[in-house]
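Notes to accompany the following structure.
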Amino acid sequence: MYPHTTLLHILTLLLLPAVWGQSSSSRLGVVVEAKNITLPAGSKAALPCLSSRMVWTRDRLRDRQRVVHWDLMRSSPEYSVERVLDMSPGTRQRVYNSFNMGRISIPKSAFSDGNFSLIINNVAVTDKGVYTCNLHHHYCQIQQSIQIQLNVTKLARKEKRYWDGEKTVFVVLLGSSVVLPCVNRRPLWREGVQEDQQQVAHWDFQPPGVRPDGADRLVDLYASGERRDYGPRFAESKMSIAEDAFTLGDFSLYISDLRPVDKGLYSCHLHHHYCGLHERRIFRLTVVPPLPSAPTSEPRILQNDEPEPKTEEVKSPPVVNVILPEHRGYFMQHLGYFLATFLLLAVIVVTVIVLTRRRKKRGLAYDPGRAECGNGMSGGEIALECTELKTCNQDLNSDYKNNLLKERDMAKDCNKDFDGKMWK
């Protein structure tokens, strides 16, 4: 076996399951809702499945459901948009400009074969512009459109058709006929499609351990009124769905008297093939044991008016709830208190030390002895030594320590000696 063949087999085995899963998912529909529901046994379950787009509102005349109209947009001499014609299945086509009567039309079988092309006979210069084919489906809320540009020329050799990157451009000879194509053959736009036969709703049940492809079909509902029940559950009134489901758009499933066997996966599938709607809602139902009923005591009837025997009530000891703080948080809280207190004391001690040193510096700066020594020079000519002044003061203090008058006389003598020295 060649290596590339082996590699091809491996890739096939790896990719095929994913492709199968995607195709199965697209076939089942897009999951728009998923819920888990848990209910006790014996109760009633309601699995909601609502969709306003599945409401059946088609009238019997089948008009006003689908509409086609052609519009013309001119850019010269000034920008303008006008309605050319429109038509619906139950009415005749309506032409808005009298000049176009019998000259512009669309096939009468448009809503039967899906051909909505615009036919223009005897093309005039005023027909130049951009034409838009609009298809509206009011019931399905779908709109589709296509644009075609029409140019008119007087030379036959200039007739052509091309694509300008956004739309198709027709260059047509003046006075000739042209067909602007607008074809949509989807069943949505055709008359012969039975809309009520393409609108289906059904419920599936998947027990635990069962694959999705092995799910059991519970019921099929059709907009035409047809209904198909599978199994005895609906016949026994175990399950039910509203009779006017398509009128209200309510396809909810009701399950009464739940049992453990009802546990599993329920899925509601809504298919509107006519409008291209495919939705799926999934509900996982779990059944738990029933809730215990509260005991009820019946009143006792005493005969012969006998007193009811008294029963002593036993008081239970009081219970005190103690909430212990978390050890780690408790330790960190007290550690923070301790650090904050220590920091405050340190700030106070540093402040006292700084203030004390400043006061000492101020006292030394104001010492009178230093002031006397500092004033020993006068005019920079004669300087008196500070040692002599200190010696004189020491002698005076030792001899006349308690006699203020003699100290004053001695100071005068010192001043005289000082003056004598200065004159010398």
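Here the structure is a predicted model, which is why all the values come from computation and not from measurement.
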* With a 4.5 Å heavy-atom cut-off, do Phe116 and Met87 have their side chains touching? -> no
* Asked: Below 4.5 Å, heavy atoms only, C-beta onward: do Asp262 and Phe205 meet side chain to side chain?
  -> no
* CD1-NZ distance between Ile148 and Lys167, expressed to the nearest 0.5 angstrom -> 11.0 Å
* Structure fact -> Shortest non-hydrogen pair, Ala215 vs Val210, comes out as N-CG1, 4.4 Å
* **Straight-line distance of Leu47 CG to Ile241 CD1, nearest 0.5 Å** => 9.5 Å
* Option from Ile120, Leu72, Val130 for which side-chain contact (heavy atoms from CB on, under 4.5 Å) with Leu150 holds -> Ile120
* Would Leu339 and Leu335 count as a side chain to side chain contact (heavy atoms under 4.5 Å, CB included) if you check the C-alpha gap in whole Å, the side-chain angles of each, and the deciding distance to 0.1 Å? -> CA-CA 6 Å; Leu339 293 178; Leu335 180 61; 4.2 Å; yes
* To do: Verify whether one side chain among Asp250 and Ser252 offers a donor that lies under 3.5 Å from an acceptor in the other.
  => yes
* To do: For the residue pair Met54 and Leu277, establish whether any side-chain heavy-atom pair is separated by less than 4.5 Å.
  => yes
* Answer whether the closest heavy-atom distance between the side chains of Phe283 and Trp203 falls below 4.5 Å. => yes
* Asked: Does the side chain of Asn115 reach to within under 4.5 Å of the side chain of Ser109, using non-hydrogen atoms?
  -> no
* If you count the non-hydrogen atoms of other residues, nucleotides and ligands that lie under 6.0 Å from CZ in Arg284, is the total more than 12? -> no
* **Side chains of Arg227 and Val219 in contact at under 4.5 Å (non-hydrogen atoms)** => yes
* Asked: Heavy-atom distance under 4.5 Å between the side chains of Arg66 and Val68, does that happen here?
  -> no
* Got more than 12 heavy atoms from elsewhere within 6.0 Å of NZ, Lys238? -> yes
* Can you tell if the side chain of Leu270 reaches within under 4.5 Å of the side chain of Cys49, non-hydrogen atoms only? -> yes
* Asked: Do Arg94 and Tyr96 get their side chains close enough for a donor-acceptor pair, meaning under 3.5 Å?
  -> yes
* Residue that, paired with Trp70, satisfies side-chain contact (heavy atoms from CB on, under 4.5 Å) out of Asp86, Ile106, Ile104 -> Ile106
* **Any donor-acceptor pair under 3.5 Å from Arg74 side chain to Thr126 backbone** => yes
* Asked: Around Arg358, counting heavy atoms of other residues, nucleotides and ligands shown, do more than 12 lie under 6.0 Å from its CZ?
  -> no
* Of Glu279, Gln199, His278, Arg280, the residue whose pairing with His271 passes side-chain hydrogen bond (donor to acceptor under 3.5 Å, both in side chains) -> His278
* Asked: Can you list the residues that meet the ring pair (Phe, Tyr, Trp, His ring centres under 6.0 Å) rule with His136, with sequence neighbours excluded?
  -> His69
* Pick one: which of Leu218, Ile37, Asp204, Ile282 meets side-chain contact (heavy atoms from CB on, under 4.5 Å) with Tyr266? -> Leu218
* In sequence, state the C-alpha distance, the side-chain angles, and the governing distance for Ser51 and Arg281, and then conclude on side chain to side chain contact (heavy atoms under 4.5 Å, CB included). => CA-CA 11 Å; Ser51 178; Arg281 292 165 175 80; 4.3 Å; yes
